[in-house]
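Heads up: numbering here begins at 1 and tracks the sequence.
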Amino acid sequence: MKELTLAYAPGRVRDWAWHLTWTWPRVVLALVAGAGFVATIYRFIFGLGAATNLSDEWPWALWISLNVLSGVALSAGAFTMAAAVYLFRQRALKPLLRPAILLGFLGYLQVIMGLIVELGKPWNIWHPIIMWQPRSAMFEVAWCVMLYTVVLFLEFAPVLLEKVGAKARWLRAAQRITPALVVAGVVLSTLHQSSLGTFFVLVPGKLHPLWNTILLPLLFFTSAIVMAIGVVSLMTALAYGTLVRWDPAPLTARLLRWLPWAVGLYLILKVGDLVARGQVGELFTGSPEAGLFWLELALIVLPAVLALQPRLRSSRRGQGWLGALVVAGVILNRFNVSHFGLRAWTAAGYVPSLPELAISLGLMAATVLAFIAIAENLPVFSHRPPADRGA
């Protein structure tokens, strides 16, 4: 593939020079991000009414399902990998921790931007800092997002310190606070992942019975762990040969061994909940919601079954496909809960406008492009694993 190269060096100071190689897929990402930026400016100038197809019956735009709910789930790799490495002592997975933290940090920045675009008065987004509403689910989400974004930045700080050649004592200080940051991150992310499900517990009777359950917070949390395994697997498969020079396949295979267990726990909770609520019959009504529910389960369960085969989970191509299926399944779950599961009750003929599509896809493209640029210039994938001991 032909490459276009752009180098930016603000000064000849240690390792501060940045270099970004432009391939055609990256050019496409930049164009999509640029279109999203233009659409965002349009939204702020002319307002939500002109930029979206929202109404009183359908008040949440596409970016709530894609950039906020799915974006938070896509960022779950950060707290899951940190917990695996530091709390459950899976030290072999440590080379995958830095890229997972970077993806989580950029993912949360995308979530914040999605919330800013969604708010009718975005200049008031700072109000939860001083105007406390402790009984509000949104208040909890706002604080968790703010605090966890700061924690993710601090967890990523050692990478920045290495880039600028910081003195050893600064690196040691950053390493000493890492365990405390990991614990804080796991607590905050657990609260945040689950509290997003709480939103839809607050709308009984409006959400389709297949997803209308008091267990939504727990289901959101467990599916976020499933997503973490999937998104890290997909990330390493795509990064090999461009962003990472050592072979991450053995580590990814080790990670994928946990996918059947995580999906099994999620499946027990999900199916058990349907049985307990007496809603199993909804699966066989032939409704669009039933079809989407079966598709959601298939996208999550199929890669878990395939991951039981050592040869497939050790294959780089197989790892990419397994990760992609899991990511698609959890994203569909978030759309089912926040979008498709509400359409029958609202009876609103909502179709996202072109600016909505541009903003949502532009935020995703900007996140991916930022990850590539940072990973190319900072020691994100620099930690090589020890000799592989088998998958």
Side-chain angles (χ1 to χ4, degrees), residues 29 32-33 36 40 52 58-80 100 102-118 137-138 141 144-145 148-149 152 189-190 192-200 207 211 216-217 219-235 238 262-263 266 270 292-293 295-300 303 323-343 350 352 356-371:
L29 286 173
V32 174
T40 301
T52 70
W58 197 273
W60 279 3
L62 174 65
W63 46 70
I64 290 296
S65 298
L66 182 60
N67 303 106
V68 177
L69 293 179
S70 299
V72 168
L74 285 165
S75 303
F79 90 89
T80 304
L102 174 60
L103 185 61
F105 177 62
L106 294 175
Y108 267 77
L109 292 181
Q110 178 213 208
V111 170
I112 292 172
M113 191 60 206
L115 291 172
I116 291 175
V117 173
E118 168 70 13
M138 287 190 176
V141 168
C144 285
V145 169
Y148 189 49
T149 303
L152 285 171
S189 195
T190 299
H192 185 210
Q193 296 284 354
S194 59
S195 61
L196 288 177
T198 304
F199 284 153
F200 301 95
L207 187 60
W211 298 282
L216 269 179
L219 291 171
F220 264 49
F221 175 70
T222 52
S223 62
I225 296 176
V226 173
M227 170 69 97
I229 299 174
V231 74
V232 172
S233 301
L234 179 61
M235 173 188 65
L238 294 176
V263 172
Y266 176 68
K270 200 170 184 69
L292 288 168
F293 189 94
L295 179 59
E296 171 193 325
L297 283 186
L299 289 172
I300 295 175
L325 288 172
V326 170
V327 168
V330 179
I331 289 178
L332 178 57
N333 169 260
R334 299 306 190 257
F335 268 86
N336 283 341
V337 172
S338 64
H339 187 96
F340 299 117
L342 294 169
R343 291 186 74 95
Y350 167 76
E356 285 181 69
L357 288 170
I359 292 172
S360 294
L361 296 178
L363 286 173
M364 298 292 285
T367 302
V368 174
L369 195 59
F371 180 90

*Compare every heavy atom of S223 with every heavy atom of V330, then report the nearest pair and how far apart it is.*
CG2-O, 3.9 Å
*Nearest heavy-atom pair of P303 and V326: which atoms, and what distance?*
CG-CG2, 3.5 Å
_Closest contact, heavy atoms only, A365 versus A33_ = CB-N, 4.0 Å
*Could you tell me the separation between the OG atom of S75 and the CD atom of Q193, rounded to the nearest 0.5 Å?*
7.5 Å
*Would you say the side chain of W63 lies within less than 4.5 Å of the side chain of S360, judging by non-hydrogen atoms?*
yes
*Side chains of L207 and L216 in contact at under 4.5 Å (non-hydrogen atoms)*: yes
*Worked verdict on L66 versus F335 for side-chain contact (heavy atoms from CB on, under 4.5 Å)*: CA-CA 7 Å; L66 182 60; F335 268 86; 3.9 Å; yes
*Full working for side-chain contact (heavy atoms from CB on, under 4.5 Å) between N67 and M113*: CA-CA 9 Å; N67 303 106; M113 191 60 206; over 6 Å; no
_Heavy-atom check, side chain of V337 versus side chain of F199, under 4.5 Å_ = no
_With a 4.5 Å cut-off on side-chain heavy atoms, are W211 and E296 touching?_
yes
*If every non-hydrogen atom of W58 is compared with every non-hydrogen atom of S338, which pair is closest and at what distance?*
CZ2-O, 4.4 Å
*Stepwise ring-ring contact (aromatic ring centres under 6.0 Å, His included) check, Y108 with H192*: CA-CA 11 Å; Y108 267 77; H192 185 210; 5.5 Å; yes
_Looking at every non-hydrogen atom in both residues, tell me the closest pair between E118 and P59 and how far apart they are._
OE2-O, 3.4 Å
*Point-to-point distance, once rounded to the nearest 0.5 Å, from CZ of F293 to NZ of K270*: 4.5 Å
*Report the C-alpha distance between F200 and L69 in whole Å, list the side-chain angles of each, state the deciding distance to 0.1 Å, and finish with yes or no for side-chain contact (heavy atoms from CB on, under 4.5 Å).*
CA-CA 12 Å; F200 301 95; L69 293 179; 3.8 Å; yes
*With L74, which of M364, R334, M235 fulfils side chain to side chain contact (heavy atoms under 4.5 Å, CB included)?*
M364
*Between atom CZ of F221 and atom OG1 of T190, what is the distance when rounded to the nearest 0.5 Å?*
4.0 Å
_Give me the atom names and distance for the closest heavy-atom approach of H339 to S65._
CB-OG, 3.9 Å
*Inter-residue atom distance L62.CG - L361.CG, 0.5 Å rounding*: 7.0 Å
_Straight-line distance of T52 OG1 to L357 CG, nearest 0.5 Å_ = 11.5 Å
*First locate atom OH of Y266, then atom CZ of F220, and finally report the distance between them rounded to the nearest 0.5 Å.*
8.5 Å
